[in-house]
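Reviewing the structure listed below.
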Amino acid sequence: MGISHLIALEDYSVNQWNNLIEIASDIKNNLNNYKNCLNNKILASLFFEPSTRTMLSFQSAFLKLGGQVIGFDNSASSSLSKGEDIADTIRVVSTYSDVIVVRHPIEGACKFASLYSKVPLINAGDGSHLHPTQTLTDLLTIKSEQGRLDNLTIGICGDLRHARTVHSIIKALSCYENNKIFLISTKELILPNYIKDYLINKNIILEEVTTIEECIEYLDILYVTRIQKERFSDEKQYIEQKDIYVVNNQKIKNVKPNFKIMHALPRIDEISREIDSQKCAIYFNQVEYGLYMRMAILLSIMENKLIINEYNDIDIDSNNKCLNVKCITNNDRFCQNKSKIINNKKLCYFCDKEL
Ligand code: NCD
């Protein structure tokens, strides 16, 4: 059996996600019971892209479990700045550590990195692609605050094109019964087709709208995202988009009694500060759930309790070139093209775009 890296949630069964939610809830209630679980273990925290919550919550989680942390938060201070490639960096770092957390701006970079790691490697966000540990945090938040993960109506608002948090959470919600998603965005920032294609045959209803007003009264949750400035090639387009959606008290006058607002943060201006004191604002609770979820993930992965799915439908071949310029295959001179067949479509093995 291979090492259980956490790169994409679909590599694990929904039962295992639910299990992590239970462990995280137990950690929240009995924090003291967990304080020596990872004594003498070392986490390597490698952040090639800015982060506050994900990086510090992983580090704090590992310290709270009794372990120790090494790493860098800026590739300029590592040998990558001398020209070392990611494969060699990971070979070396996995000699020094028991588990590695990687955030990287290039799509598929964490998958590629995992191929060279001798220890479990966790994807802490790879470009616009995926953010599985934020999604597990979001699932824990929803389960704790709404009591269930099915039969929910959720509005997802903002930069649906670039936000990896959105791509990951929609895929995850499609694995529970009877959820409905309102995709709230401008036409410039709609959800990419490769994510929509993934959702065909899944048990989820999607409806695209352009205003919050069209759906707010039906929502159990409004999940707001930042317009992802760093992912735009044209700054003018970012400026045109950045202030289109602002959630304020006026917008949430007609909501269901159980209505909640989530945001993975950082927030810029998309949620007005006047919302912070309302009972529906749960984005700072979400930060706390993130700490417990990362403790649950680290603990399970270190105790070999996460069992990765064995796929039969992955067909590796190197003849197809991925056309996504932000894919690792086009950004690392040693990463070769590989494909996989999913739902009868040939996809890039690293970034999931159709070939
Ligand atoms: C998000 C991320 O990095 O993708 N933040 C986070 O991890 N909590 C959201 C964002 O940057 O907008």
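Every number for a ligand or one of its atoms is a count from 1 in the order of the listing.
- At the shortest separation from atom 4 (O) of ligand 1 among protein heavy atoms lies Arg164 NE, 2.7 Å.
- Shown in contact with Arg103 at under 4.0 Å from a heavy atom are these atoms of ligand 1, numbered in order with element: 2 (C), 3 (O), 7 (O).
- Residue Thr165 places no N or O, backbone or side chain, under 3.5 Å from any N or O of ligand 1.
- A cation-pi arrangement is present between Lys111 and Tyr349 under the rule of less than 6.0 angstrom and at most 45 degrees off the ring axis.
- Phe48 has its ring centre less than 6.0 Å from the ring centre of Phe72.
- Taking a cutoff of 4.0 Å between a charged side-chain nitrogen and a carboxylate oxygen, Arg161 and Glu188 do not qualify as a salt bridge.
- Atom 9 (C) of ligand 1 has Leu265 O, 3.5 Å as its closest protein atom, hydrogens excluded (heavy atom only).
- Lys340 has a carboxylate O that lies under 4.0 Å from a charged side-chain N of Asp352, or vice versa, which qualifies the two as a salt bridge.
- Comparing Arg226, His131, His263 by heavy-atom distance to atom 10 (C) of ligand 1, the nearest is Arg226.
- Residue Gln134 has at least one heavy-atom neighbour below 4.0 Å for each of these atoms of ligand 1: 6 (C), 7 (O), 8 (N).
- Regarding atom 8 (N) of ligand 1, its nearest protein heavy-atom neighbour is Ala264 O, 3.0 Å.
- In this structure, the ring of His104 has its center no less than 6.0 angstrom from the ring center of Phe47.
- Within the structure, ligand 1 has Pro266 among the residues with a heavy atom less than 4.0 angstrom away.
- The side-chain contact (heavy atoms from CB on, under 4.5 Å) check on Asn32 picks up Lys35, with sequence neighbours excluded.
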